[in-house]
Amino acid sequence: MNPQHQSLSLWPSAFDARPTIMKFGGTSVEDTAAFARVAAIIRQEQPRHPVVVVSAPAGVTDALLAAVKLALEQDTGAALDVLEPHFARYSEVAERLTGGASYGDFVKFLYAARERMVQAFETMCAYPGTVPPLRDEVVAYGERLAATLLAAVITEDGTPCQAVDARACIVTDDVYGRARPRWEETVTRTRATLHPVLAAGMIPVLGGFIGATLDGATTTLGRGGSDYSATLIGAALKAREVQIWTDVAGIYSADPRLVPEAHRLDNLTYGEATDLALYGAKVLHPRTIEPVERLKIPVSIRNSYDPEAGYSMITSDSGVLVGTILAVTHRAGMAAVHIRPSGAWRAAGALEELARTLNAHGVLVEHLAASRMGLTATVEDGDALQAARRDLSGVGEVHVTRDRALLCVVGNFGDDAMELHPTLGEVLTDFRVTPLLPHPSPHSRLFLMAESDAPWAVRRLHAQLVENSP
Ligand code: ADP
Ligand code: ASP
Ligand code: MG
């Protein structure tokens, strides 16, 4: 071997192993015992180069968002009242699980975060235009504090570990509250930031859910977005696996809180997991699979409260036979927008205008259908829809049906997009549902129904189709 090459290879300047991404959700870091449990799980993975992504402790993000609202509607005092118990939760973990300099550093950071939040609340009230970026900056403290604290806890027994600011890795656009990553920049910065840490034998710990614009303004990726952070970082680092650690041992055939008989799906495809996530399975953020699918990086879902309980593995091939129904899920909070023709009307032009108006107001559209008789859009309900509604009267006569839910049945339906599974068709005659066609997915069928009937429909479909599936 060339001696120069040999001596160069001794320098740990480049990192070429495939790391394991370990993401811990809010329920996995909800209190002192949970932090200790998670630190033990991470230390065990040390030989496989873990990169840790952590959410804010359960309830913290809700409290931060509520505090921003209270600061705007009442005053900073009311906002702080909501936050103090959560600051106390962080302090208690630090007091019990860290010591010496790292305890002191964390308490200083917590204090500085509180000061900065007070400043942000006051600026928002004085200058309403600053609310969207400052809201994201305030909310991001939930994850930033969690990452700093977890790194300190892991280090406590001498395990080499370092908190890394996720905003140095994930670059996004400036759609505050629902920012979209800029892929090329994210890859470059993630590698530049994390490779040296990994090459030095340290475990990096990053906050999930947060990023920054090219100008450095803090952004967030949408509720539940830490899963998405984990797979973005996993794809950028070409991870061997992304592990999502939560409070259930995998993806189940239905939400186990709604259907106690639900069972774990040991193997799922990227497509099946995406449809479950899109249509209501809260266990995964809807965009989680996007970054890793093309690179075929496996994603597993594991239980931090019971690491030996088994897990689900998401890959490109699950080996499920055609005709098998795997899971049922529903997504509440939807609305149907119907538009009837008025005046000179062309379905294609009206559809274009409907899509443009909904998009301009930031309304999330799940399904669009058009005919000469009119248009229907299935959308996420909320303030954005109410604002868009006023601008839609130019398109035609508008009628909105609220309190709808999407019902999604996931399985292997084969290749015929229009074909309903025969038993599925039979069971559904008991409910008032509208099939959303065409929905050209080989692994799911989608329906719209009254929100109040959806939990009952999920239980019935699970009992008759999933539990009876081959
Ligand atoms: P985390 O805080 O770890 O991100 P989440 O609360 O976001 O956890 O997601 C986990 C929860 O997702 C579970 O407690 C479970 O109730 C819910 N869930 C909904 N649908 C499913 C499903 N099909 N399989 C597993 N969990 C599900
Ligand atoms: N903490 C954020 C939320 O509650 C992100 C996450 O949990 O993934 O939405
Ligand atoms: Mg989650």
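All ligand and atom numbering here is 1-based and tracks the order in the structure.
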Asp227 N/O to ligand 2 N/O under 3.5 Å | no
Within 45 degrees of the axis of the six-membered ring of Tyr311 and under 6.0 Å from its centre: does Arg302 put its NZ or CZ there?
-> yes
Could you tell me the residue and atom name of the protein heavy atom closest to atom 2 (O) of ligand 1, and the distance to it rounded to 0.1 Å?
-> Gly26 N, 3.1 Å
of all protein heavy atoms, closest to atom 5 (P) of ligand 1 is Lys282 NZ, 3.9 Å
Looking just at side-chain N and O atoms, do His86 and Arg89 make a donor-acceptor pair shorter than 3.5 Å?
-> yes
Report yes if some heavy atom in the side chain of Trp456 is under 4.5 Å from a heavy atom in the side chain of Phe431; otherwise report no.
-> yes
So is Ala254 close enough to ligand 1, meaning a heavy atom under 4.0 angstrom away?
-> yes
Looking at Gly250, which atoms of ligand 1 are within less than 4.0 Å of one of its heavy atoms?
-> 25 (C)
To the nearest 0.5 Å, how far apart are CG in Leu278 and CG in Leu284?
-> 10.5 Å
Is the closest heavy-atom distance from Gly208 to ligand 2 below 4.0 Å?
-> no
Separation between CG (Leu198) and OG1 (Thr193), nearest 0.5 Å, reads 11.0 Å
Thr98 side chain to Ala152 backbone, donor-acceptor under 3.5 Å = no
Just wondering, are more than 12 heavy atoms of other shown residues or ligands nearer than 6.0 Å to CD in Gln44?
-> no
Residue pair Thr231 / Glu290, side-chain donor-acceptor N/O under 3.5 Å = no
the protein heavy atom lying closest to atom 4 (O) of ligand 1 turns out to be Lys23 NZ, 3.2 Å
Do side-chain atoms of Asp227 reach the backbone of His285 as a donor and acceptor pair under 3.5 angstrom?
-> yes
Can you sort out which atoms of ligand 2 are near Phe209, meaning under 4.0 Å from one of its heavy atoms?
-> 2 (C), 5 (C)
Mind telling me whether Phe109 and Tyr141 have parallel, tilted or perpendicular rings, with 30° and 60° as the class edges?
-> tilted
Within-shell test, Ser28 vs ligand 1, heavy atom, strictly < 4.0 Å = no
Atoms in ligand 1 flagged as close to Ala281, the criterion being non-hydrogen separation under 4.0 Å = 20 (N), 23 (N)
Going by heavy atoms, is Gly225 under 4.0 Å from ligand 2?
-> yes
Nearest to atom 21 (C) of ligand 1, what protein heavy atom do you find, and at what distance?
-> Asp255 CA, 3.6 Å
List the closest protein heavy-atom neighbour of atom 11 (C) of ligand 1: residue, atom name, distance to the nearest 0.1 Å.
-> Asp247 OD1, 4.0 Å
With a 4.0 Å cut-off on heavy atoms, is Thr329 touching ligand 1?
-> no
Looking only at protein heavy atoms, what sits closest to atom 26 (N) of ligand 1 is Val283 CB, 3.5 Å
Is His361 close to Asn359 at the side-chain level, that is, under 4.5 Å between some pair of heavy atoms?
-> no
Out of Thr61, Ile244, Thr246, Leu65, whose heavy atom sits nearest atom 2 (C) of ligand 2?
-> Thr61
Arg96 atom CZ, over 12 foreign heavy atoms within 6.0 Å = no
Using a strict 4.0 Å cut-off to heavy atoms of Gly25, name the atoms of ligand 1 that fall inside it.
-> 1 (P), 2 (O), 3 (O), 4 (O)
Any idea which of Thr246, Thr61, Val29 brings a heavy atom closest to atom 8 (O) of ligand 1?
-> Thr246
Ligand 1 to Ile251, heavy atom cutoff 4.0 Å, flagged ligand atoms 24 (N)
Give the atoms of ligand 2, by number and element, whose distance to some non-hydrogen atom of Glu143 is under 4.0 Å.
-> 1 (N), 2 (C), 5 (C)
Is ligand 1 less than 4.0 angstrom away from at least one heavy atom of His263?
-> no
What residue and atom, counting heavy atoms only, is the protein's closest point to atom 7 (O) of ligand 2, and at what distance?
-> Ser55 OG, 3.6 Å
Taking atom CZ of Arg178 as the centre, report whether more than 12 heavy atoms of other residues, nucleotides or ligands fall under 6.0 Å from it.
-> no
Within 6.0 angstrom of Arg180 CZ, more than 12 heavy atoms from elsewhere | no
Salt-bridge contact Arg43-Asp157 (side-chain N to carboxylate O under 4.0 Å) = yes
Under 30°, 30 to 60°, or over 60°: which ring-plane class applies to Phe24 and Trp245, parallel, tilted or perpendicular?
-> parallel
So is Gly280 close enough to ligand 1, meaning a heavy atom under 4.0 angstrom away?
-> no
Do the numbers put Arg445 on top of the ring of Phe413, so that NZ or CZ is under 6.0 Å from the six-membered ring centre and no more than 45° off the axis?
-> yes
Give the residue, atom name and distance (to 0.1 Å) of the protein heavy atom nearest atom 4 (O) of ligand 2.
-> Arg223 NH2, 2.9 Å
Numbered atoms and elements of ligand 1 in range of Val248, under 4.0 angstrom, heavy atoms = 13 (C), 25 (C), 26 (N)
Which residue supplies the protein heavy atom nearest to atom 14 (O) of ligand 1, what is that atom called, and how far is it?
-> Arg257 NH2, 2.7 Å
Identify the protein heavy atom lying closest to atom 24 (N) of ligand 1, giving its residue, its atom name and the separation to 0.1 Å.
-> Tyr252 N, 2.8 Å
Going by distance only, is there an N or O of Ser253 that falls short of 3.5 Å from an N or O of ligand 1?
-> no
Under 4.0 angstrom from ligand 1, any heavy atom of Leu276?
-> no
